[in-house]
Colleague: 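The following block contains the structure, expressed as structure tokens.
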Amino acid sequence: MIGTPIVGLEIHVELNTRSKMFCGCTNDPFHAPKPNMYTCPVCLGMPGGLPVPNKRAIEWTILLGTALFCDIALESKFDRKNYFYPDLAKGYQISQYDEPIATDGKLTFPVGDPTKGGYEKTVRIRRVHLEEDTGKLLHQTVDGKKVTLIDFNRSGVPLVEIVTEPDIRSGDEAKAFLKALHQIIRYLGISTADMEKGSMRLEPNISIMLEKPSDIIDEKDLPKYKVEVKNINSFTFVKKAIDFETERHTKLLEAGQIPPQETRGWNEDKGITFSQRLKEDAHDYRYFPDPDIPPLVFDQDMINTITAAMPELPQNRRERFQAELGLPFATAATLIDSQELADFFEKCIAIKGVDPKQVANWLVNKHIDNSKTTPEKVVEEIIAKTTVVAVSEDTMNSAIQSVLSQNAQAVADYKAGKTQVKMFLFGQVLKALQGKGDKTQIQKLLEKELGN
Ligand code: ZN
Ligand code: MN
């Protein structure tokens, strides 16, 4: 028997604000001309550097928290999370501990196609907080020597951390959740959320219950251990890591052992997780309020102004496409996956004379690249390909006559019993009519002629 995974997710997302979280340096580590270009005393952790919080980053965190149905705190603060690592020049990360910007939210999303055996799932969001990214270590060989280089262009980039409750029960649910969250982040326009570049980093924490768990598990009934898999950069790898851990823990548990509480890494070549270090507890970080940054105080008006910029969110848009336009789930889900494609679709159907279902199918089935065409062109193509140009019966008959007289051998074959020749002749007639005319009528006339 295989146990059920009890999974919570921690997701780090780099915000694409113009400047960094606590200084005026350019926030664009991926396009910096050289390492350590976008740095200053603050993000290098020099003595005397004083942090000033980035207003836009705070606003975007409030926006994301609201999109996830969180309570937005009217008072919040930044704390120091103390630990040593070479990519962390200050010896601490400015983060948020006990007063995060947003708490107690939820995300509802489809797992599979709910109209075909899939289902809707809700995962509770524990918190959304704001912190800063670290520098980046580069392990290279220089002059024949193995060295580690450090680039601080990323140091101090605004980083949002989203933490879920342990409500996820399978690798597939984790993948579907992450896809839905990724869509929201992209719709809000607050991050590129490019996972290959590490702008969105995924960390599942996993434990296993051998007996069937309930949807929401009481804190006291959770397994007494959990394993965290660090820094995964694809939804599929998260699913695979969860599946792998589920099997590994099940074996240990069935042998009467409790899997050690630890942090593991994901080896994508081998498709396995591996032990990195025993997990540290929160108190090891000696969190305390950052004395350099005053507490954040908001009023409801400010929060309302910020959240007034909320676009229609992807799952709402999908539901609207299904309910108002009668699109099937799968088609609507494909259209809303990118906001650009969904916008393009809506521009197409605003043009009179096309059926929304026809446009949706056209865009989805033909994999139309909306960046390379215009709604007008697409609608024109659809109309040209699907509209029947009326042709008189006489015109049809004369086209049939000329095709039959030009293909005497085929006609003879047909009369000798080779019935499949009919499709060839039919094709020839359509060609002669240049695609015009009602196809059913043409077929009937052709059959009548051949029958004679
Ligand atoms: Zn700086
Ligand atoms: Mn974090």
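Reckoned from all heavy atoms, side chains included, excluding hydrogens, waters and symmetry mates. Order of listing sets the numbers, starting from 1, for every ligand and every atom in it.
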Colleague: Tell me the protein N, O or S atoms under 2.8 Å from the Zn ion (ligand 1), in chain and number order.
Modeller: Cys23 SG, Cys25 SG, Cys40 SG, Cys43 SG
Colleague: Angle at the Mn ion (ligand 2), NE2 of His12 to OE2 of Glu131, rounded to 10 degrees, please.
Modeller: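 Vertex at the Mn ion (ligand 2): approximately 90°.
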Colleague: Within the supplied structure, the quantity of interest is the number of heavy atoms (other residues, nucleotides, ligands) at a distance under 6.0 Å from Lys436 NZ; does it exceed 12?
Modeller: no
Colleague: Given salt bridge (charged side-chain N to carboxylate O under 4.0 Å, His left out), test Arg126 with Asp167 step by step and report yes or no.
Modeller: CA-CA 11 Å; Arg126 182 180 297 168; Asp167 293 345; over 6 Å; no
Colleague: Considering only NZ, NE, NH1 and NH2 on the basic side and carboxylate oxygens on the acidic side, decide whether Lys239 and Asp172 come within less than 4.0 Å.
Modeller: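 Yes, charged N to carboxylate O under 4.0 Å.
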Colleague: So that I can tick it off, tell me whether Asp292 and Arg80 are bridged by a salt bridge, with the cut-off set at under 4.0 angstrom between side-chain N and carboxylate O.
Modeller: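 Yes.
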Colleague: May I have the step-by-step check of ring-ring contact (aromatic ring centres under 6.0 Å, His included) for Tyr97 and His129, ending in yes or no?
Modeller: CA-CA 8 Å; Tyr97 184 48; His129 76 243; 9.5 Å; no
Colleague: For N/O/S atoms only: which one belongs to Glu161 and is nearest the Mn ion (ligand 2)?
Modeller: OE1
Colleague: Using a strict threshold of under 4.0 Å (side-chain N to carboxylate O), is an ion pair present between Arg264 and Glu262?
Modeller: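 Salt bridge flag = yes for Arg264 with Glu262.
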Colleague: Please walk me through it: do Phe78 and Phe22 pass ring-ring contact (aromatic ring centres under 6.0 Å, His included)?
Modeller: CA-CA 11 Å; Phe78 285 105; Phe22 296 110; 5.2 Å; yes
